[in-house]
Amino acid sequence: QLQLVESGGGLVQPGGSLRLSCSASGFNLNYYNIGWFRQVPGKEREGVLCISSTDRATYYADSAKGRFSMSRDNAKNTVYLQMNSLKPEDTAVYYCAAGRPLPTVQPMCGSGQALSWGHGTQVTVSS
């Protein structure tokens, strides 16, 4: 069973940073495309950053470019979303997802196609 668990959310002031973690069990994250998504009440879930299993294909939402990045810790079977220069409009529930190891991440970040989703972690950016 593919399971993902996010952690690291919380309250941060504008301009601050947070690092979200996504830990996997039941499968090796290295063999899957990985995506981070976010959702606010009343809006559709948005693909923020997706990366292929080979790290050759990436997608960044315009809102994430230059501020967000993803990294992997293979030993811990965990991926991280580093978020810098946070803004109030970044406030959302953030989800990680694992998808098929396709050479493109557009199906994942563009359409939310994934095999497994975490339960989400709340990020609130406020002074």
Side-chain angles (χ1 to χ4, degrees):
Q1 186 176 3
L2 283 63
Q3 290 188 333
L4 296 169
V5 178
E6 304 94 337
S7 61
L11 175 64
V12 62
Q13 292 186 343
S17 298
L18 273 179
R19 190 179 76 161
L20 306 183
S21 301
C22 174
S23 297
S25 60
F27 67 107
N28 189 329
L29 278 174
N30 290 332
Y31 300 129
Y32 292 82
N33 291 359
I34 304 299
W36 285 94
F37 299 77
R38 66 187 183 187
Q39 189 169 24
V40 297
K43 293 189 177 181
E44 292 188 356
R45 183 173 53 202
E46 171 193 20
V48 175
L49 195 165
C50 293
I51 189 168
S52 66
S53 59
T54 62
D55 293 345
R56 293 176 182 173
T58 59
Y59 168 86
Y60 289 81
D62 288 342
S63 58
K65 291 177 181 177
R67 300 190 299 128
F68 293 5
S69 61
M70 189 188 304
S71 61
R72 300 175 186 260
D73 185 329
N74 296 335
K76 295 183 178 180
N77 204 20
T78 297
V79 296
Y80 303 97
L81 178 67
Q82 178 68 43
M83 304 186 294
N84 299 324
S85 302
L86 284 163
K87 306 174 183 179
E89 51 264 42
D90 294 318
T91 296
V93 177
Y94 283 72
Y95 301 88
C96 65
R100 298 184 185 281
L102 303 176
T104 173
V105 294
Q106 183 59 31
M108 190 172 199
C109 256
S111 304
Q113 295 180 22
L115 299 174
S116 179
W117 292 87
H119 293 294
T121 185
Q122 176 70 45
V123 172
T124 302
V125 185
S126 175
S127 56

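The first residue in the sequence is number 1, and the count goes up from there. What you see is a predicted model, and the numbers here were worked out from it, not measured in a lab. When reading the values below, keep in mind they use all heavy atoms of this one structure, side chains included, and skip hydrogens, waters and symmetry mates.
With rounding to the nearest 0.5 Å, the separation of OG1 in Thr54 from CG in Asn30 is 11.5 Å. Taking OH of Tyr59 as the reference point, atom CG of Asn33 lies at 15.0 Å (rounded to 0.5 Å). Separation of atoms CD1 (Ile34) and CG (Leu29) is listed at 4.5 Å; rounding is to 0.5 Å. Here the straight-line distance linking atom CD of Gln106 with atom CD of Gln113 works out to 9.5 Å at 0.5 Å rounding. Rounding to the nearest 0.5 angstrom, the gap separating the CD atom in Gln122 from the OG1 atom in Thr91 is 7.0 Å. For the atom pair CG of Leu49 and CZ of Phe68, the computed distance is 9.0 Å after rounding to the nearest 0.5 Å.
Remark: Tyr31 pairs with no residue by the ring-ring contact (aromatic ring centres under 6.0 Å, His included) rule, at least two apart or across chains. In this view, Thr78 and Ser23 satisfy the side-chain hydrogen bond (donor to acceptor under 3.5 Å, both in side chains) rule, not counting sequence neighbours. Every residue two or more places apart in sequence or in another chain that forms a salt bridge (Lys or Arg N to Asp or Glu O under 4.0 Å) with Lys65 is listed here: Asp62. In this view, Ser71 satisfies the side-chain hydrogen bond (donor to acceptor under 3.5 Å, both in side chains) rule with no residue, not counting sequence neighbours. In this structure, Ser116 has no side-chain hydrogen bond (donor to acceptor under 3.5 Å, both in side chains) partners at least two apart in sequence or on a different chain. For the side chain to side chain contact (heavy atoms under 4.5 Å, CB included) test, residues two or more places apart in sequence or in another chain that qualify with Cys22 are Leu4, Trp36, Val79, Cys96.
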Review point. What do the steps show when you test Tyr32 against Ser53 for side-chain contact (heavy atoms from CB on, under 4.5 Å), and what is the final call?
Key: CA-CA 5 Å; Tyr32 292 82; Ser53 59; 5.6 Å; no

Can you give the donor-acceptor pairs under 3.5 Å from side chains of residues 81-89 to other protein atoms, not counting sequence neighbours?
from: Gln82; atom 1: NE2; to: Asn84; atom 2: OD1; distance (Å): 2.9
from: Asn84; atom 1: OD1; to: Ser17; atom 2: OG; distance (Å): 2.9

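Ile51 is connected to Leu2 through a chain of hydrophobic side-chain contacts under 4.5 Å among Ile, Leu, Val, Met, Phe, Trp and Tyr, so both are in one cluster. In terms of hydrophobic clustering, with Ile, Leu, Val, Met, Phe, Trp and Tyr side chains grouped at heavy-atom distances under 4.5 Å, Val48 and Met70 are assigned to a common cluster. When the side chains of ILVMFWY residues are joined at heavy-atom separations under 4.5 Å, either directly or via intervening members, Leu102 and Tyr60 end up in two distinct hydrophobic clusters.
Val93 belongs to a hydrophobic cluster whose other members, connected by ILVMFWY side-chain contacts under 4.5 Å either directly or through intermediates, are Phe37, Tyr95, Met108, Trp117.
Within the structure, the salt bridge (Lys or Arg N to Asp or Glu O under 4.0 Å) test picks out the following pairs touching residues 12-38 (sequence neighbours left out): Arg38-Glu46, Arg38-Asp90. Residue pairs that meet the salt bridge (Lys or Arg N to Asp or Glu O under 4.0 Å) test with at least one member in residues 100-110, sequence neighbours left out, do not exist here. Counting only residues at least two apart or in different chains, ring-ring contact (aromatic ring centres under 6.0 Å, His included) contacts with residues 2-24 are absent. Within the structure, salt bridge (Lys or Arg N to Asp or Glu O under 4.0 Å) contacts touching residues 68-80 (residues at least two apart or in different chains) are Asp55-Arg72.
Using modelled atom types, one side-chain atom of Asn77 and one backbone atom of Phe27 make a donor-acceptor pair closer than 3.5 Å. At distances below 3.5 Å, not a single donor-acceptor pair connects side-chain atoms of Arg56 with backbone N or O atoms of Ser52. The backbone N or O of His119 sits less than 3.5 Å from a side-chain atom of Glu6, completing a donor-acceptor pair.
Across every non-hydrogen atom of Gly35 and Cys50, the tightest pair is CA-SG, 3.6 Å. When all heavy atoms of Ala61 and Gly47 are compared, the pair lying nearest together is CB-O, 3.5 Å. Of all non-hydrogen atoms in Ala57 and Pro103, the two that sit nearest each other are CB-O, 3.3 Å.
Looking at Val105 and Thr58, their side chains never come closer than 4.5 Å, going by heavy atoms from C-beta outward.
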